[in-house]
Amino acid sequence: MAYAAPNSNKPDVIFPSDAGVINVKNYGAKGDGATDDTAAIQKAVSENLGNAGSRTAVIYFPAGTYIVSNTILPKKDPNAKGGWLPRLTLQGQNRDKSIIKLKDNAPGYNNKSSPKAVLYTASGPDPGWPEKGEGGAAFNNHIFDLTVDVGKGNSGAIGIDYLANNTAAVRDVKIISHDGGYIGLALIRNYPGPALIKNVIIEGFDYGIKSEIIQTITTLEHITLKNQKIAGIHNTGHSFAIRDLQSEQTENSVPAIITVGFITLVDATLKGSSPQSAIDNRQPGDIFVRNIAASGYSSALKNNGSVIPGTSINEFYSLQVDSTYAYSLFNTPKTSLNLPIRETPEVPWDAPDRWINVQAYGADGSGRKDFDNTPAVQKAIDDADRLGKTTLYFPKGQYALGDTIHIRGNIRRVHFMMSSLGVVNSAANKFADGRPIIAIEEGKHPVVMIEGAGDSFGTGATVFPKTSIKHISSSTLVLRNFGGNYENVVGSGPVFFEDHQWCGVFRSTKVWARQLNPESCSTTEGVNVNPYILNDGSDVWILGLKTERPTTIIETKNGGRTEVLGGAFFLAAQDKVPPSMPAIINRDSSQSLSFV
């Protein structure tokens with residue numbers, strides 16, 4: 001197993017001056033490694049939080065070391081009992097250059113029985129949990145390109161106390177403790193997930209990642225854990241989908257993973273210095289592992305008290321059924337499909353002078369429900385070729401559209417800057433005939449990325465598009481931190497999803513998805529069902545899939561292959577599933593699914 005190092009050689013993230021990001025230095029933060037910047041950072045956050053249904057601006061940390069002495073809270077009034085808000089994006093210039101550092105021996109950070117976080121995200125207002133900001137509406141909480149350093153003498157410190165739901169991610173982040181610290185990344189409040197944790201390094205702490213909550217699933221990819229004191233990952237009840245875990249527990253005799261939950265783990269290298277097993281799966285937990293290599297441990301896995309011999313595992317599932325380790329309706333191999341995995345391609349981060357602003361062409365992000373921004377946006381796209389621009393951006397706001405936006409020409413990245421999209425509430429709305437909101441058409445670049453939008457805003461419109469994104473181009477498409485129903489035409493390029501909400505129709509293509517959350521949506525296709533995911537002759541690989549509500553989740557047909565590595569399929573107590581509606585349909589195709 002050889003993968004690119006997280007954040008390796010990643011360029012600085014710098015935005016145009018009119019992109020609507022909030023620079024913490026404009027609120028008095030120094031970032032000089034000496035000044036206490038807590039009040040300035042808190043002010044930048046508090047004054048730019050959105051309301052319950054609107055987006056918070058991106059809070060930006062230019063290169064520097066920002067000293068803090070208290071938790072940064074997602075509240076407009078940090079001293080209020082409640083008032084928690086989601087939709088918080090913390091964005092650094094570069095993981096290795098933008099550092100938030102807890103002051104050594106900070107008051108309140110030396111008690112593990114009452115731990116305290118440096119960074120903290122929350123759910124929306126919920127009268128049931130005013131104290132901790134808990135709930136299931138922690139939408140669009142993102143942390144990108146930062147280092148969180150808990151300093152010295154802070155044994156009760158949590159680097160990031162992370163609560164997130166539906167579309168949310170921690171990406172290209174490092175969390176470090178020098179001489180103690182309690183938890184690097186904590187998922188310990190109601191209710192974490194789904195969310196994507198990718199390219200994250202955690203050094204030190206008692207626990208690298210700790211979860212105590214049963215609800216939903218969290219997706220981890222390219223995770224490095226080093227020298228924890230109790231466990232790299234400690235899981236009680238939660239579900240994880242994990243790929244490429246690099247655990248180095250060589251200073252302390254501790255396991256890489258202790259779990260009493262449901263974990264799917266593929267492609268892991270686990271180094272230790274302990275006579276115990278690298279992974280300890282305890283009752284009533286279940287685990288699916290594939291391609292695991294351990295060294296410095298007596299074995300790779302202990303399952304419910306029984307040591308599985310050997311320090312490497314090709315494939316193993318803990319739930320034994322009829323002398324095998326999988327259910328199957330047919331006489332087929334009792335192993336996973338093991339579809340080829342491709343890394344999500346990156347699009348070069350353009351210098352600010354190569355960005356083009358839709359507002360410069362007349363787009364209005366003020367949330368007007370009757371104003372169609374489509375002509376202005378299309379003019380910006382088509383002018384980009386002449387001007388040599390490659391990134392189209394929507395300064396933070398709410399934009400209503402009445403017709404299709406055609407992504408083509410010289411545009412290779414569309415960044416919504418955490419803006420919201422809506423559908424025009426007027427006769428100008430042309431979506432009744434089934435046209436998409438966004439069409440990806442032939443252009444000049446091999447990869448096109450669309451990122452940074454997930455929520456819609458209500459306009460009162462009565463006509464909505466069936467499809468948000470239609471992929472026509474032969475270029476590869478990446479949808480990241482985004483939302484909307486997707487479909488492609490035969491002959492289009494591959495598609496990659498990272499932290500995506502809503503459904504998909506995949507026709508004779510290749511799909512790789514990390515943290516896919518199709519819920520409360522239907523894609524009409526065929527005569528019997530409305531599946532969330534329709535695989536029509538494609539290869540579909542999913543790491544981390546969460547769904548809700550009674551409908552068919554996946555239909556695979558016409559020789560398609562679908563592999564789900566870690567899923568959480570939820571129904572509410574009031575949901576009634578018709579007997580004729582299966583969760584999974586397979587028509588002359590192949591599927592392997594690891595889920596609860």
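A donor-acceptor contact closer than 3.5 angstrom links the side chains of Gln91 and Asp145. Side-chain contact check for Asn94 and Asp12: at least one donor-acceptor pair (N or O, by modelled atom type) lies under 3.5 Å. A donor-acceptor pair shorter than 3.5 Å can be found between the side chains of Glu498 and Thr344. Side chains of Tyr393 and Gln359: no donor on one and acceptor on the other come within 3.5 Å. Under the 3.5 Å distance criterion, with hydrogens and angles disregarded, no donor-acceptor pair is assigned to the side chains of Glu487 and Asn485. No donor-acceptor contact under 3.5 angstrom links the side chains of Glu451 and Asn481, judged on distance only. A side-chain N or O of Thr218 and one of His238 form a donor-acceptor pair less than 3.5 Å apart. In this model, no donor atom of one side chain and acceptor atom of the other lie less than 3.5 Å apart for Arg507 and Ser538. With 3.5 Å as the limit, one finds a donor-acceptor pair spanning the side chains of Asp364 and Ser366. Between the side chains of His406 and Asp382, no donor-acceptor pair is found at a separation under 3.5 Å. Gln591 and Thr556 form a side-chain donor-acceptor contact under 3.5 Å, judged by distance and modelled atom types alone. A donor-acceptor pair shorter than 3.5 Å can be found between the side chains of Glu442 and Ser474. Judged purely by distance below 3.5 Å, without hydrogens or angles, the side chains of Tyr361 and Asp383 pair a donor atom with an acceptor atom. Side-chain atoms of Asn199 and His222 include no donor-acceptor pair closer than 3.5 Å. Of the N and O atoms on the side chains of Asn558 and Asp588, not one donor lies less than 3.5 Å from an acceptor on the other residue.
Less than 6.0 angstrom separates the ring centroid of Phe15 from the ring centroid of Trp349. The ring of Phe416 has its center closer than 6.0 angstrom to the ring center of Phe482.
Each of Asn410, Ile356, Asp353 was checked for a side-chain contact (heavy atoms from CB on, under 4.5 Å) with Leu387, and the lone residue meeting it is Ile356.
A 4.5 Å side-chain heavy-atom check between Leu565 and Ile542 finds every atom pair outside the cut-off. Side-chain atoms of Tyr399 and Val358, non-hydrogen and from C-beta on, do get closer than 4.5 Å to each other. A heavy-atom distance below 4.5 Å is not found between the side chains of Tyr486 and Trp502. Considering only heavy atoms from C-beta on, Asn166 comes within 4.5 Å of Lys546 through its side chain.
The residues Asp350 and Lys389 are annotated as not salt-bridged, no charged nitrogen and carboxylate oxygen being separated by less than 4.0 angstrom. Residues Arg480 and Glu346 are paired through a salt bridge, judged by an N-O separation under 4.0 Å between the basic side chain and the carboxylate. The pair Asp267-Arg290 does not meet the salt-bridge criterion, since no charged nitrogen lies less than 4.0 angstrom from a carboxylate oxygen. Contact check on Arg95 versus Asp172 returns no salt bridge, with no Lys/Arg side-chain nitrogen under 4.0 Å from an Asp/Glu carboxylate oxygen.
Applying the side-chain hydrogen bond (donor to acceptor under 3.5 Å, both in side chains) criterion to Ser211, with sequence neighbours excluded, gives no partner residue.
To the nearest 0.5 Å, atom CD of residue Gln501 and atom CG of residue Leu479 are 13.5 Å apart.
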